[in-house]
Amino acid sequence: MSDLKLTNIGKSFGKVEVLHGIDLTIRSGEFVALLGASGCGKTTLLRIVAGLDSVGSGKVEIGGTDVTDLPPEKRDIAMMFQSYALLPHMSVAENVRFPLRMRRQGARSEQAARVKAALETVRLAHLAERMPRQLSGGQQQRVALARAIVSDPKVLLLDEPLSNLDARLREEMQVELIDIHRRIGLTTLFVTHDQDEALSLSDRVVLMNAGGIEQEAAPRDIYDAPATAYASSFLGAANLLPAEISGGQARLADGQTLAVPAGTGAGAATLALRQENIDIGPDGSLTATVVTRVYLGARHRYILDLAGQRISVLAPASVMLEPGSAVRIGIAPDRIRVLPA
Amino acid sequence: MVRAVPGWVRIGAWIFVLLAALFLLAPLIVVMGVSVSEAQFIAFPPKGFSLRWYEKALNSPAYVDAFWLSLRLAALVTVSACILGGAAAIGLSRARRSGGVVETFFLSPLVLPSIIFAIGLLMVWSAIFGPTSFHALWLAHTVVALPYVIRTTLAVLAERDPHLEEAARTMGATRLQRLWFVTLPQCRPGLLAGAFFAFNISFDEAVLSLFLRNPNLVTLPVQIYGQLEFSPDPTVAAVSTLMILITVALMLILERMLGLTRFASG
């Protein structure tokens with residue numbers, strides 16, 4: 001049993017409320033991403049689970065035990081820091097052995113075996129005797145990961161662990177993290193501001209906004225069916241347009257109409273349109289004006305003016321439109337997400 | 001394009017540097033020269049070559065006793081200044097608001113004239129404990145050596161990764177374990193440098209030692225001063241040269257240790 005349960009967590013720094021009413025349960029072995037913009041409280045929530053910050057209100061349970069008032073050293077957790085926080089005066093092997101040594105887990109020979117196994121998991125066994133400063137950023141990152149998993153903690157906490165790596169290494173480490181998690185199955189809470197990272201790594205995405213949970217769902221569901229305007233704009237940069245719904249049609253601010261999914265309730269609403277789901281072509285039912293064209297290599301991004309509002313549209317690189325020209329656009333009804341106004 | 005420094009300016013700068021170095025080294029050269037002179041009196045340039053003044057110094061109970069006293073004192077001051085200064089630096093590096101005031105207080109011996117501290121300490125000590133003792137000297141030297149240890153240790157602590165200690169907590173390290181395995185290793189280069197300063201400050205401190213001396217409590221600098229005042233002969237220069245050599249030796253040892261520490265801690 002190593003599930004993590006947060007009940008009604010609240011936290012303020014002075015007069016500033018950073019978290020309120022957080023309820024979250026993470027099943028044993030689940031990989032959950034805490035996603036949000038900077039300042040949304042996701043790192044504070046992670047630090048509360050670690051015990052590095054105290055709660056203002058609420059309860060933290062790990063494996064069925066209330067740990068709300070336990071200091072971090074008494075909680076059976078491991079945390080990986082954004083800066084890796086390797087001890088500079090200790091070798092790689094000594095760093096990885098550190099949690100076992102501090103907690104007096106096992107005899108020396110057993111510790112050595114576990115250190116070796118952890119380093120093999122991150123494919124760094126050959127660098128065990130190096131000092132941290134002799135390693136590259138990616139290698140240091142993997143030492144930190146080995147150190148986090150060596151003590152077999154009940155909960156593994158990762159604080160933006162990939163943000164200090166360059167793009168290529170980051171993708172490599174994402175694959176490796178998925179692989180390692182599949183093999184050892186630790187309950188993992190992962191903080192990130194990168195939606196791609198959250199979607200690609202986790203079993204479940206918890207989107208945070210202004211100190212609360214905006215939506216939590218499996219990656220596919222939260223992307224395809226965002227529950228709120230914030231969720232749809234944060235995940236995949238959706239275009240949000242106010243509209244008036246009646247009889248299966250949405251009327252935009254300038255009077256243009258487009259079909260929405262059958263059965264959509266009448267009244268004021270917000271349409272969320274993903275930039276990759278908008279088609280440019282003569283069959284489109286809407287007219288817009290080209291504002292800007294951005295060349296992205298494989299594609300063009302167009303900024304269009306639709307009903308007095310700027311929207312972003314992705315088009316193949318072969319589609320060449322000049323700024324100022326009028327263009328027809330369309331969108332399949334089942335690709336439109338209708339949100340409350 | 002950056003204009004090159006004209007040749008005459010560079011030559012002028014080199015002459016200035018050489019003169020400054022000469023000015024700094026000249027006294028040492030004079031003292032070392034005098035110490036190997038054959039002449040009875042302190043005179044430069046030296047006449048002939050002889051090690052007799054070294055022999056005389058090493059056979060003089062006054063010098064030898066003073067040397068052992070100074071050495072014992074400097075060693076103990078090094079230990080006490082490092083313990084107190086290290087603890088103060090660790091505390092100050094964590095202090096938030098009131099830290100600045102406390103730091104200024106700890107560093108005040110740097111700016112306070114030591115003669116005033118010497119007079120004050122002598123009066124207080126006499127009033128409470130009577131005659132001065134080794135402990136009075138130990139206390140006095142520790143106070144003036146403390147700021148150096150605090151400064152050097154604070155400097156290395158300012159550069160540390162603030163997450164290291166939190167990381168250690170998440171790995172199960174208790175308060176004592178964090179001090180021993182995380183904080184102290186981080187302080188190490190600063191403490192070593194501070195120890196070097198503390199030893200040297202105590203070993204050649206003269207003002208406090210002069211005020212607190214008694215017939216049984218004469219440190220090496222006080223002995224040298226007394227000798228110069230009453231019966232100057234090149235023995236003084238021989239002893240001074242030995243002091244210089246000890247300092248240089250310490251510096252070399254420390255450089256090796258610090259160099260090794262850097263190698264080990266990155």
Side-chain angles (χ1 to χ4, degrees), chain A residues 43 46-53 70-92 94-105 130-135 140 143-144 146-161 164, chain B residues 82 86-87 89-90 93-99 149 152-195 254-266:
Chain A
T43 297
L46 193 78
R47 290 173 58 86
I48 281 175
V49 175
L52 293 169
D53 282 338
L70 285 184
E73 55 267 32
K74 301 243 173 75
R75 297 184 185 192
D76 193 358
I77 50 125
M79 181 159 165
M80 201 173 135
F81 289 73
Q82 196 172 356
S83 63
Y84 313 145
L86 299 179
L87 297 162
H89 53 279
M90 292 185 183
S91 72
V92 166
E94 284 172 322
N95 261 288
V96 177
R97 187 165 80 94
F98 195 77
L100 304 176
R101 197 171 164 199
M102 294 303 106
R103 297 195 167 107
R104 300 197 174 83
Q105 285 183 4
R130 295 275 183 93
M131 299 306 283
R133 71 192 158 73
Q134 296 171 301
L135 304 181
Q140 291 185 16
V143 175
R147 191 174 68 173
I149 61 178
V150 73
S151 60
D152 195 22
K154 286 212 169 84
V155 178
L156 174 61
L157 305 170
L158 307 170
D159 185 11
E160 307 238 3
N164 283 348
Chain B
C82 280
I90 291 170
S93 74
R94 288 176 188 171
R96 291 190 190 103
R97 210 167 306 152
S98 53
V149 180
T152 53
T153 310
L154 270 180
V156 296
L157 283 179
E159 286 174 28
R160 79 199 153 136
D161 177 355
H163 290 303
L164 281 187
E165 221 184 316
E166 290 190 336
R169 293 194 78 178
T170 64
M171 291 186 276
T174 60
R175 189 182 290 270
L176 266 179
Q177 285 175 320
R178 295 200 296 273
L179 180 67
W180 184 252
F181 290 107
V182 181
T183 308
L184 283 179
Q186 287 178 294
C187 293
R188 210 180 115 123
L191 280 177
L192 277 173
L254 191 86
E255 178 52 41
R256 257 194 93 82
M257 285 174 76
L258 262 189
L260 286 174
T261 313
R262 274 206 199 100
F263 177 75
S265 69

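Note on naming: letters A, B, ... go to the chains in the order of the sequence lines (proteins, then strands), and numbering restarts at 1 for each one.
- Rounded to the nearest 0.5 Å, atoms OG1 (B/T170) and CE (A/M80) are 11.5 Å apart.
- Each of A/A85, A/P71, A/A78 has some count of heavy-atom pairs under 4.5 Å with chain B, and the biggest count is that of A/A85.
- In this structure, the separation between CE on B/M171 and CE on A/M79 is 11.0 Å, given to the nearest 0.5 Å.
- A pairwise comparison of heavy atoms in A/M90 and B/F181 identifies CE-O, 3.9 Å as the closest pair.
- Contact of A/I77 with chain B is made through backbone and side chain together, with heavy-atom distances under 4.5 Å.
- With rounding to the nearest 0.5 angstrom, the CD atom of A/E73 is 5.0 Å from the CZ atom of B/R178.
- Of the two parts of A/L86, only the backbone, made up of N, CA, C and O, holds a non-hydrogen atom closer than 4.5 Å to a non-hydrogen atom of chain B.
- Counting heavy atoms from C-beta outward, A/H89 and B/R188 have side chains that stay 4.5 Å or more apart.
- Counting heavy-atom pairs under 4.5 Å between each of A/S83, A/P153, A/A50, A/S91 and chain B puts A/S83 at the top.
- Interface remark: of the candidates A/L87, A/L52, A/D76, A/L52 forms the most heavy-atom pairs closer than 4.5 Å to chain B.
- Within residues 159-169 of chain B, the residues approaching chain A closer than 4.5 Å by heavy atoms are, in numerical order, B/D161, B/H163, B/L164, B/E166, B/A167, B/A168, B/R169.
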